[in-house]
Number of protein chains: 2
Amino acid sequence: MPADLGPEKARKPRADAERNRQKLLNAARAAFTAQGGLVSMEEVARTAGVGIGTLYRHFPTRDGLLVEVYRGEIARLCQEAELLAATKTPLEALRAWLLLFVDHLADNIVLGDAVKATAGESKADATAQLLTALDILMDNPIAVGAMPDPGVESLDLLRALYGVATASPSSNWVGAARRMVDILIAGMDSRETSPNSA
Amino acid sequence: MPADLGPEKARKPRADAERNRQKLLNAARAAFTAQGGLVSMEEVARTAGVGIGTLYRHFPTRDGLLVEVYRGEIARLCQEAELLAATKTPLEALRAWLLLFVDHLADNIVLGDAVKATAGESKADATAQLLTALDILMDNPIAVGAMPDPGVESLDLLRALYGVATASPSSNWVGAARRMVDILIAGMDSRETSPNSA
DNA sequence: TTGATAAACGGAGGGTCCCTCCATATTTAA
DNA sequence: TTAAATATGGAGGGACCCTCCGTTTATCAA
């Protein structure tokens, strides 16, 4: 009697279901990162090689599918944060990760745009995960005295970079975003008290 | 054959056409600022009290209408920039205008989101206008030596603020955006050379 | 191996929205 | 007042969203 919540006579989940779910996720990731929120569900289903009905059973809402793809990307970023926190000095880790975040945006602009338009709770979960990872990176330099408390929420740093990244895909925004990382770090590092923080 | 460009026998534009155009713009502004890009064209036409065909003659594409509303808002911001440049010291004018920009975002989040998803050339025009106004505000403090050249494009400042503003409508982002203005100003004001600007 | 049955599949179809087209109505100019 | 130019509005073709349900397939018990 292995389980207390025991689905006493639970069947094993069907293999084809899980297979199709993966095919759908892969097709969706490709489509969303390439075209953003514009892709039709029909096209995702066709690319995945399943019927539209199958798509909707696995992901009842369009946003659900979008967020699921998004969560995968976030998980990757969180792992990278842990790695950096373990291998670099606090301030360097923060800066390195912000630069990584810029690179990540470069691969996922349209996906991010599409996700931003959704309002699901799973999205909030994923974002919270990201925030937790970043908080560690920000708290460390403050704790060891490498940086004063800047008075902004950590997530706002990401939002600032996100804004730089998304506003104009045509120009060389990656360079601008990298310089912005340094401006932010320098601005946070500055000990001058500014009027708004009063 | 009097004129090459000559509208020798041009009729006076019809009064009802201009009237309907205004009604459409007003209805569109109200709808877009309230609901963003989700509004249906049918609803805009209905609110304006005209037929759907009339809407499409005046604004052949959905984006055209969106951008037209956007241009009105931009024009207002540009006027404010001129006023500030004329009445404040350079660095103060820059800071004050950035704070104004944050307020502007507070009133137009969804509109901005919708506009960002478009790619028209009129949108580029309007954005260029805004950029010109901001460039003056940024060049002034540099010219008088109140601030070193920060090495970022002026528009990137707006993008950074935009990112902070749009990412999470529920929390108190206005405060965060205002603090971000000071971080940016402090960061640009810092004379330390950072690795990425090399 | 072979049924029985729970679970998954796929696509037809109802509803909404986008935009075009053109017969009708209104405005301007003679 | 009348003719020509211009504007109006809504029916309708096409795309897409999502639901529903008859058919197919995988699992499990005998």
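A, B, ... follow the sequence lines: proteins, then strands. Residue 1 opens every chain.
Along DNA chain C, the nucleotide nearest to A:H58 and the one nearest to B:S40 differ in position, and the one closer to the 5' end is contacted by A:H58. Residues B:R62 and B:R14 each lie close to DNA chain C; by heavy-atom proximity, the contact nearer the 5' end of the strand is made by B:R62. Residues A:G53 and A:L38 each lie close to DNA chain D; by heavy-atom proximity, the contact nearer the 5' end of the strand is made by A:L38.
Spacing between atom CG of A:L66 and atom P of D:dC18 amounts to 12 Å, rounded to whole angstrom units. Atoms OH (A:Y56) and P (D:dC20) sit 13 Å apart, rounded to a whole Å. Here the C1' atom of nucleotide C:dC18 and the CG atom of B:L65 are 14 Å apart, to the nearest Å. Residue B:M41 contributes atom CE, which lies 16 Å from atom C1' of D:dG10 at whole-angstrom precision. Rounded to an integer number of Å, the gap from CG of B:L55 to C1' of C:dC17 is 13 Å. Distance B:R46 CZ to D:dT8 P: 18 Å, rounded to the nearest Å. Atom CZ in A:F59 sits about 18 Å away from atom C1' in D:dT19, given to the nearest Å. Rounded to an integer number of Å, the gap from CG of A:D16 to P of D:dT25 is 10 Å.
Closest approach to the A:N20 side chain among C:dA8, D:dC16, D:dC18 is made by C:dA8 (side chain taken as heavy atoms from C-beta onward). Of the candidate nucleotides C:dG10, C:dC17, D:dC17, C:dG10 has the atom lying nearest to any side-chain atom of A:T54. For A:I52, counting side-chain heavy atoms from C-beta on, the closest listed nucleotide (C:dT20, D:dT19, C:dC9) is D:dT19. The side chain of B:E42 sits closest to C:dC17 out of C:dC17, C:dG10, D:dC18.
To the nearest 0.5 angstrom, A:L66 atom CG is 4.5 Å from A:F32 atom CZ.
Between B:E80 and B:R76 there is a salt bridge, since a side-chain N of the basic residue sits under 4.0 Å from a carboxylate O of the acidic one. Using a 4.0 Å cut-off between a side-chain N of Lys or Arg and a carboxylate O of Asp or Glu, A:D103 and A:R178 qualify as a salt bridge.
Remark: side-chain polar atoms of B:W97 are paired, donor with acceptor, to backbone N or O of B:L77 under 3.5 angstrom.
When heavy atoms are screened at a 4.0 angstrom cut-off, B:A15 is found touching the sugar-phosphate backbone but no base atom.
Put simply, the side chain of B:L84 does not reach to within 4.5 Å of the side chain of B:E92, judged on heavy atoms.
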